[in-house]
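What follows is a single structure, written as structure tokens, with notes after it.
Predicted, not measured: the structure shown is a model, and the values here were computed from it.
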Amino acid sequence: MNEKTIFTAKEITEMKKDIDEIKQILIMFPFDAQKARIKICEVNQNHKDNIIVYNIINKHIGRTTVSIEQASTLDLMNDLQWKINYLSLKIMGKTADEIVELLGGK
């Protein structure tokens with residue numbers, strides 16, 4: 001998990017686009033849980049490693065997770081914020097181990 005990845009300009013642009021779309025969902029009033037669920041699924045599909053890192057961090061701190069379908073509004077908002085943080089660190093070239101350390105896993 002500690003291998004550095006170099007992303008293409010296209011990949012970085014796509015991650016930045018995901019971040020922008022997530023931010024738009026988070027500021028929407030009223031909050032659109034369905035849009036949030038769709039975006040979470042898209043990011044999970046395109047960045048499967050985010051699920052692994054998220055689970056490592058949550059297991060380490062003893063937090064249980066809920067399914068996307070059962071997630072409350074707050075759970076969805078927290079997951080979206082997690083994805084912003086995760087993708088931002090990924091764009092910066094951080095390894096999965098570095099991300100775990102930076103986001104509270106150690």
### Query
Is the backbone of Ile51 close enough, under 3.5 Å, to the side chain of Asn55 for a donor and an acceptor to pair up by distance?
yes

### Message
For the CD atom of Gln34 and the CD1 atom of Ile25, what is their distance to the nearest 0.5 Å?
### Response
10.5 Å

#### Entry: Shortest non-hydrogen separation from Ile40 to Leu76 and the atoms involved
CD1-CD2, 3.7 Å

#### Entry: Distance (rounded to the nearest 0.5 Å) between Leu89 CG and Thr95 OG1
10.0 Å

### Task
Report the C-alpha distance between Gln24 and Asp20 in whole Å, list the side-chain angles of each, state the deciding distance to 0.1 Å, and finish with yes or no for side-chain contact (heavy atoms from CB on, under 4.5 Å).
CA-CA 6 Å; Gln24 288 302 309; Asp20 290 341; 5.7 Å; no

### CA sep, side-chain torsions, deciding dist, call: Val53, Leu103, side-chain contact (heavy atoms from CB on, under 4.5 Å)
CA-CA 9 Å; Val53 173; Leu103 295 181; 5.6 Å; no

### Query
Is there a chain of hydrophobic side chains (I, L, V, M, F, W, Y, each step under 4.5 Å between heavy atoms) that links Leu74 to Ile38?
no

### Task
Classify the side-chain pair Ser72/Asp75 by whether it contains a donor and acceptor separated by less than 3.5 Å.
yes

### Query
Charged N to carboxylate O under 4.0 angstrom, Lys83 versus Asp79?
yes

### Task
Apply side-chain contact (heavy atoms from CB on, under 4.5 Å) to Met77 and Gln81, showing your working.
CA-CA 6 Å; Met77 293 172 96; Gln81 186 59 56; over 6 Å; no

### Task
Could you give me the CA-CA distance, side-chain angles and deciding distance for Glu14 and Asn46, then say whether side-chain contact (heavy atoms from CB on, under 4.5 Å) is met?
CA-CA 10 Å; Glu14 288 171 1; Asn46 295 332; over 6 Å; no

#### Entry: Approximate separation, where rounding is to 0.5 Å, of Asn50 CG and Gln45 CD
11.0 Å

### Summary
CG of Asp18 to CG of Leu87, rounded to nearest 0.5 Å, is 6.0 Å

### Query
So which heavy atom on Ile99 is nearest to which on Lys90, and how close?
CD1-N, 4.3 Å

### Summary
Distance col, row Lys17:NZ vs Lys10:NZ, nearest 0.5 angstrom, shows 11.0 Å

### Message
Between Glu42 and Lys39, does any NZ, NE, NH1 or NH2 come within less than 4.0 Å of an OD or OE carboxylate oxygen?
### Response
yes

### Query
Between atom CD1 of Ile19 and atom CG of Asn85, what is the distance when rounded to the nearest 0.5 Å?
9.0 Å

### Single-linkage hydrophobic cluster, 4.5 Å side-chain cutoff, Met92 and Tyr86 together
yes

